[in-house]
Every structure is written in C-alpha cells, then in structure tokens.
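Presented below is the structure to which this report refers.
Everything numeric in this text was worked out from a predicted model, so none of it was measured.
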Amino acid sequence: MVSYQRLNTSKTYFVTGAAGFIGFFLCKKLLKQGCVVIGFDNINAYYDVRLKYARLEILNQYVGFTFIKGDLADSQTLTDAFSAHQPDIVVHLAAQAGVRYSITHPQAYIESNIVGFLNVLEAVRHNPKRVEHLLYASSSSVYGNQQKTPFSVADDVSKPISLYAATKKSNELMAFTYSHLYGIPTTGLRFFTVYGPYGRPDMAYFSFTEKMLKGATIQIYNNGDMKRDFTYIDDIVQGMENMLCNPPAGKAPAKIYNIGNNQPEDLLFFIQTLEGCLMEEGLMDKPANKTFLPMQPGDVYQTYADVSDLIRDFDFKPSTSIKTGLGKFVKWYKDFYLGGNHV
C-alpha cells in the first residue's frame, strides 16, 4: 500500500494561472474541499479572455477564493501578494503557452516563463512564512523528438526543438538550483497534452471542433502521422492533488514527474473520435473535410509518458479514455457556446 499525505484543507494554497485551464480546475477542486485558495493571473489576451472570466466567475462563488490580477513579470505585485497571504503551498501554472506561438513571439516566453518563474522562486524564497512545497508546470515538450518511448524523467532532455520547450527545461533547472541553494522543496510536472471542458482554444481538439461545426476544412500536420498522449483534465488535477502535501526531501529537495495517460493515440483516431462525439450530440452529420500538411517547425512526432514514478509514489495513473474525455468536452462546448441548440 502506497503511503502519502492526503490533502490538508487547513493550508493556504497560492495558484498562479488561476484563470487558466489547469489552474481553474485545480482551484475548483481545492475550494470544493474547503481550502483557502489565492488565485493570481494577468488574464492576458493570448486567447479569448471571456473564457478566462467565465472560469473566474465560477471560482468567485466560493468563499475561500481570493483573486489577484497581476503579472508575473511584476515582481513587486507578486511579492506583495505573498506577504499579504503567506501561502503554505504554491502551485505555479501561469506561463506563455503554445509551441507554434513561440516561433513568432519569442520575447513573450522569456518574460513570462523565465523572468516570471524567477520572480515566483524569489517570492517563495522570501515569503514571511516558509513555503512547504512549490509545484510548477513543466511540459512533455522538453523531450523533443527523441525516439525512445515511453518518455522517462530519467531521459536526456538537453535537445528541445522549440523555445517554449527550452523555457520549460530552464524552469526545471532553475527550480533545482533554488532547491539546492535554499532548501525549497520543488516538484516539476511534465504535462502531456491536457484536454477537456473549459480548455484552451488554441489546442488542436478545440480549434478542430470550431472548424468542424462551421463546415471548414481542418489542417492535419505530418499527413496525420503523429501520436499524442492525450490526458484528461480530471486526471491531471487528481495527480496534482495527491502531490500537494508531499514535498520532496533531501539536501536538494527537487523531483520531476510525468503526468500523462501512458497511452499515445494516433492523431487521426483522435479526430475520428471527436467527429463521433460531435455526431452523437447532433452537432454534425458527416466527417469533416481535411487537408494534410507537412510537419510544422517545433512540433514533435510523438509523446508517450512513462508514469511508473507516479504509480510508485502515489498509487495513481491517469486512466480516462479518449472517448469519455472528448464526450465530456463536446457536451460542455455545446452548452457553453451553443446554448444547447443544434447548429
């Protein structure tokens, strides 16, 4: 029987990126269990801010939630927030996301993912009350285009193929340094293609849905020959909850985990499943038009998570099927964007 500390509802949790996809679901789960949660987000316009405000509207219904609008690059605002609320546990999920966007907007990634993360580390370091655990978002993109599968945290990740991936690998190095120098317990989470309701509109499954419902042609890269370890949002959040009150130990208390479904799916199968879910909801009556294109700069051929460490330490493995997860996403999309009406 695996032994680990369950969620402590008496702690104060500070979550950056609280208006984001993963941050929203984590905050909601903590709040439903009676936790005090301080959310921090700049609500930038990388994608439709109405979705971010819709998430916040739900979180604001909980008495334990406090929201602070601020930018990670503004160290003073972050420091003031820490001083005012003195969190026990910090979850850093805010970042400039997107592989392709990093090709055209590199500066945004340095400001948010490098400078912003440094400011979080410094805020944790100087927090009036010792922070018990800092969890932060890394990414499966750090594995680059390696051929070995499944991807293990012990693998060489020194060859990222996008600036986004490079910033996430940098975060892991920065976190280890602060663990080594100041004894700050840090846990990096390499997320594998997270999807679900209230997800990011820039993700493929979301944009595919929008285009399919308009009758537009969807673009499929590498001629459809790609594999992704799609991971449903509830599995991601459950894995994180299990870790929150279990900081690493040792002289340099730093660990990294993969959180993925441990089951890569062919992109074309994923699209066919999405089409089937849309048809079941009466939103379309035939498969989408498709055009096949070459691989795009920064994209990787496959992702595949080795989650043996997650199973060993927390007796947990993501398990939501693509059919179940996409079905829930489509039902949410229909209700949120279409008001339950058929197109």
Side-chain angles (χ1 to χ4, degrees), residues 4-42 52 55-56 59 62 64-72 78-79 81-82 84-97 112-113 116-125 127 129-139 168 171-172 174-175 178-179 184-191 194 198 200 231 233-248 253-259 310 314 316:
Y4 63 93
Q5 294 295 316
R6 304 292 173 171
L7 182 71
N8 187 332
T9 57
S10 68
K11 303 292 185 182
T12 296
Y13 297 85
F14 192 102
V15 180
T16 72
F21 176 32
I22 300 175
F24 160 66
F25 274 97
L26 177 64
C27 288
K28 187 171 73 166
K29 184 155 195 188
L30 295 176
L31 290 164
K32 287 178 73 172
Q33 296 177 74
C35 297
V36 173
V37 177
I38 314 303
F40 189 95
D41 202 298
N42 68 351
K52 299 181 181 184
R55 297 173 184 142
L56 282 178
L59 297 180
Y62 294 89
F65 184 66
T66 299
F67 179 68
I68 300 169
K69 185 176 180 181
D71 197 310
L72 292 175
L78 194 59
T79 299
F82 270 65
H85 298 282
Q86 299 187 28
D88 299 292
I89 295 170
V90 176
V91 186
H92 176 54
L93 299 172
Q96 179 57 61
S112 180
N113 300 6
F117 189 50
L118 173 63
N119 290 340
V120 170
L121 289 169
E122 281 290 285
V124 168
R125 175 189 171 197
N127 190 45
K129 180 167 62 173
R130 182 181 180 274
V131 171
E132 299 171 16
H133 195 187
L134 166 63
L135 293 90
Y136 63 94
S138 185
S139 168
K168 288 300 185 179
N171 288 172
E172 294 180 359
M174 294 163 72
Y178 270 67
S179 294
I184 299 169
T186 65
T187 298
L189 308 170
R190 292 176 178 170
F191 297 132
V194 190
Y198 285 97
R200 283 173 29 213
T231 314
I233 183 62
D234 288 356
D235 288 331
I236 291 285
V237 170
Q238 185 61 58
M240 294 174 69
E241 180 188 327
N242 292 355
M243 296 178 188
L244 286 171
C245 297
N246 295 275
K255 293 204 73 171
I256 293 174
Y257 290 92
N258 288 332
I259 303 188
L310 198 63
F314 300 102
F316 176 73

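Counting only N and O atoms by type, the side chains of T187 and H133 include a donor and acceptor under 3.5 Å apart.
Contact check for L26 versus V37: no side-chain heavy atoms found under the 4.5 Å cut-off. Considering only heavy atoms from C-beta on, Y13 stays 4.5 Å or farther from P87 through its side chain. Contact of the I184 side chain with the V131 side chain is not registered, since no non-hydrogen atoms from C-beta on lie closer than 4.5 Å. Y136 places none of its side-chain heavy atoms less than 4.5 Å from the side chain of V90. Contact check for F40 versus L72: side-chain heavy atoms found under the 4.5 Å cut-off. Counting only heavy atoms from C-beta outward, the side chains of F67 and L56 approach each other to under 4.5 Å. Side-chain atoms of V124 and F14, non-hydrogen and from C-beta on, never get closer than 4.5 Å to each other. The shortest distance between side-chain heavy atoms of I256 and R190 falls below 4.5 Å.
Within the model, atoms CZ of F117 and NZ of K168 stand 8.5 Å from one another, a figure rounded to the nearest 0.5 Å. Atom-to-atom distance recorded for L59:CG and K28:NZ is 8.5 Å, nearest 0.5 angstrom. Here CG of D41 is found 9.0 Å from NZ of K69. Values are rounded to the nearest 0.5 Å. Between atom CG of residue N242 and atom CE of residue M240 there is a gap of 11.0 Å, rounded to the nearest 0.5 Å. Here N246 contributes atom CG and L7 contributes atom CG; the two are 10.0 Å apart, rounded to the nearest 0.5 Å. Note: K129 NZ to H85 NE2 = 12.0 Å, rounded to the nearest 0.5 Å.
Minimum heavy-atom separation, P248 to T186: CG-O, 3.4 Å. When all heavy atoms of P185 and P247 are compared, the pair lying nearest together is CB-CB, 3.6 Å. Contact record, K29 with E241: CE-OE1, 2.8 Å, taken as the closest heavy-atom pair. In this structure, A137 and F191 approach most closely via the heavy-atom pair CB-CE1, 3.5 Å. Closest approach of L244 to I89, counting heavy atoms only: O-CD1, 3.5 Å. When all heavy atoms of M243 and L189 are compared, the closest pair comes out as SD-CD2, 3.3 Å.
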### Message
Would D234 and Q238 count as a side chain to side chain donor-acceptor pair (under 3.5 Å) here? Give the steps.
### Response
CA-CA 6 Å; D234 288 356; Q238 185 61 58; over 6 Å; no
### Query
Would E122 and Y178 count as a side chain to side chain donor-acceptor pair (under 3.5 Å) if you check the C-alpha gap in whole Å, the side-chain angles of each, and the deciding distance to 0.1 Å?
CA-CA 9 Å; E122 281 290 285; Y178 270 67; 2.7 Å; yes
### Query
Could you go step by step and tell me if V120 and L78 meet the side chain to side chain contact (heavy atoms under 4.5 Å, CB included) rule?
CA-CA 7 Å; V120 170; L78 194 59; 3.8 Å; yes
### Task
Would you sort out whether V15 and L93 count as a side chain to side chain contact (heavy atoms under 4.5 Å, CB included), showing the intermediate values?
CA-CA 7 Å; V15 180; L93 299 172; 4.2 Å; yes
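Judged by distance alone, with hydrogens and angles left aside, the side-chain atoms of N113 form no donor-acceptor pair with the main-chain N or O of N171 at under 3.5 Å. A donor-acceptor contact shorter than 3.5 Å links the side chain of S112 to the backbone of Q96.
In Q33, the CD atom is crowded: over 12 heavy atoms of neighbouring residues, nucleotides or ligands sit closer than 6.0 Å.
Ring geometry for Y198 against F25 counts as perpendicular: the plane angle is over 60°, on a 0 to 90° scale with 30° as the lower cut.
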